[in-house]
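A short worksheet on the structure shown next.
Within every chain, numbering begins at 1; the chains are lettered A, B, ... in the order of the sequence lines, protein sequences first and strands thereafter. Only a predicted model underlies this, so the values are computations on that prediction, with no experimental measurement involved.
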Amino acid sequence: MRLEKSFYLRDDVVQISKDLLGKYLVTEWDQVRTAGKIVETEAYRGPEDKASHAYGNRFTSRTKVMYEEGGLAYVYLCYGIHHLFNVVTGPKGKPHAVLIRALEPVESLDLMLERRGIKKLQPRLTAGPGSLSKAMGIQTAHSGFSLLEGDSPIWLEDRDEPIVPEQIQASPRVGVDYAEECALWNWRFRIKNSKWTSLPK
DNA sequence: CGAATGATCGGCT
DNA sequence: GCCGATCATTCGA
């Protein structure tokens, strides 16, 4: 079933980041559905997190969706090439978000392969935030889309596959060395032994 | 208005 | 392992 609003509205984005492991990300553009199981995430805790786009409550046209009530998509372009998909969480006014970093492909693998221009199934299909967005057909134009409304083409599902704490491996986040002391926080979470994530630092 | 900068990826060595 | 791609966004002048 689709994750409910109450899941996103909690204030603890680190907990939500862990809870998202084992959930499913689904997109359905023009009746064509692709889905993947979330196996790697990173938490970005708004104002106090130097690695966040919303550090110090920075408010711009790009980051404004992070300040909305949880349950929206935040998508932005990185290195001019990659579309990175985040889930906005927390109550309105708290710019918290979770970056989805890797998926285990589950539905319509052929379409994902085609979107990525890859012939053979391999982890590189959906490992890495830019790669999974491409495989799922997610672009910056989808930033601000609701994950909750019934007619939304993108959402998250709970398929009743709980992840126990022993399966979760925490490590420092990727690519945020500039964030000083925040770069040391173990806010990257992955499912242990999953073939569909890259190795932790 | 111009310049710098990435929450990265994939190809090549 | 390293390196170049490639452009929206941001900030300062």
Side-chain angles (χ1 to χ4, degrees), chain A residues 13-18 20-21 25 36 38-68 70 72-90 94-105 112-145 147 154 156 169-191 195-201:
Chain A
V13 66
V14 173
Q15 186 62 48
I16 293 175
S17 191
K18 294 183 203 172
L20 281 172
L21 294 174
L25 172 62
I38 297 171
V39 296
E40 185 178 342
T41 63
E42 278 179 7
Y44 287 86
R45 190 173 173 82
E48 64 264 40
D49 182 357
K50 290 181 182 173
S52 170
H53 292 161
Y55 173 58
N57 279 317
R58 193 155 50 123
F59 190 91
T60 68
S61 56
R62 176 174 68 157
T63 62
K64 66 183 178 193
V65 302
M66 298 178 79
Y67 293 81
E68 294 297 319
L72 298 178
Y74 170 49
V75 188
Y76 76 95
L77 194 65
C78 188
Y79 294 97
I81 304 172
H82 307 288
H83 299 256
L84 272 58
F85 172 75
N86 303 249
V87 176
V88 176
T89 71
K94 297 280 185 120
H96 300 167
V98 177
L99 171 68
I100 308 301
R101 289 196 54 87
L103 298 177
E104 174 181 334
M112 291 193 196
L113 287 164
E114 185 185 323
R115 283 176 178 153
R116 293 275 287 110
I118 292 178
K119 296 211 166 69
K120 194 161 176 256
L121 188 60
Q122 54 187 310
R124 146 180 219 173
L125 177 65
T126 50
S131 299
L132 75 88
S133 294
K134 191 167 183 189
M136 298 292 288
I138 298 171
Q139 302 167 50
T140 54
H142 305 132
S143 196
F145 273 41
L147 306 173
I154 176 168
L156 298 175
Q169 184 163 35
S171 61
R173 293 174 293 181
V174 177
V176 297
D177 294 344
Y178 63 88
E180 301 172 21
E181 76 277 10
C182 305
L184 301 175
W185 297 347
N186 289 328
W187 281 7
R188 177 188 183 202
F189 304 102
R190 51 191 293 278
I191 298 181
K195 297 176 196 160
W196 301 98
T197 77
S198 45
L199 292 175
K201 279 194 219 174

Would you say [X]'s side chain and [Y]'s backbone share a donor-acceptor pair under 3.5 angstrom?
{"X": "A:Arg116", "Y": "A:Arg124", "answer": "yes"}
{"X": "A:Glu104", "Y": "A:Val39", "answer": "no"}
{"X": "A:Asn86", "Y": "A:Tyr74", "answer": "yes"}
{"X": "A:Thr197", "Y": "A:Ala102", "answer": "no"}

Which letter, B, S or -, goes with each nucleotide of nucleotides 2-8 of chain B from 5' to 3', with contact meaning a protein heavy atom under 4.0 Å? ----BBB

Enumerate, in order of first residue number, the stems that involve DNA chain C, defined as 3 or more consecutive Watson-Crick or G-U wobble pairs with both distances under 3.5 Å.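 Looking at DNA chain C, the stems formed by three or more consecutive pairs are B:1-6 with C:7-12, B:8-12 with C:1-5.
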
All ring-ring contact (aromatic ring centres under 6.0 Å, His included) counterparts of A:Trp185, not counting sequence neighbours: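 Testing A:Trp185 for ring-ring contact (aromatic ring centres under 6.0 Å, His included), a comparison that skips the adjacent residues, returns A:Trp187.
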
Output all residues satisfying ring-ring contact (aromatic ring centres under 6.0 Å, His included) with A:His83, sequence neighbours left out; order by chain, then residue number.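 In terms of ring-ring contact (aromatic ring centres under 6.0 Å, His included), with neighbours along the sequence ignored, A:His83 is linked to no residue.
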
Scan residues 56-68 of chain A for pairs that pass salt bridge (charged side-chain N to carboxylate O under 4.0 Å, His left out), counting only residues two or more places apart or in two chains.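 Those involving residues 56-68 of chain A are A:Glu68-A:Lys92.
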
Drop me the distance from A:Ser52's OG to A:Arg45's CZ, to the nearest 0.5 angstrom.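 Rounded to the nearest 0.5 Å, the OG-CZ separation comes out at 11.0 Å.
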
Rounded to the nearest 0.5 Å, what's the gap from CG on A:Leu132 to CG on A:Leu103? Could you check?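 Reported value, rounded in 0.5 Å steps: 4.5 Å.
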
Nucleotide range of DNA chain C contacted by chain A, 5' to 3', under 4.0 Å to a heavy atom?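 Range of nucleotides touched by chain A: C:dA5 to C:dC11.
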
Apply the test side-chain contact (heavy atoms from CB on, under 4.5 Å) to residues A:Ile16 and A:Val87: give CA-CA distance (whole Å), side-chain angles for both, the deciding distance (0.1 Å), then the verdict. CA-CA 10 Å; A:Ile16 293 175; A:Val87 176; over 6 Å; no

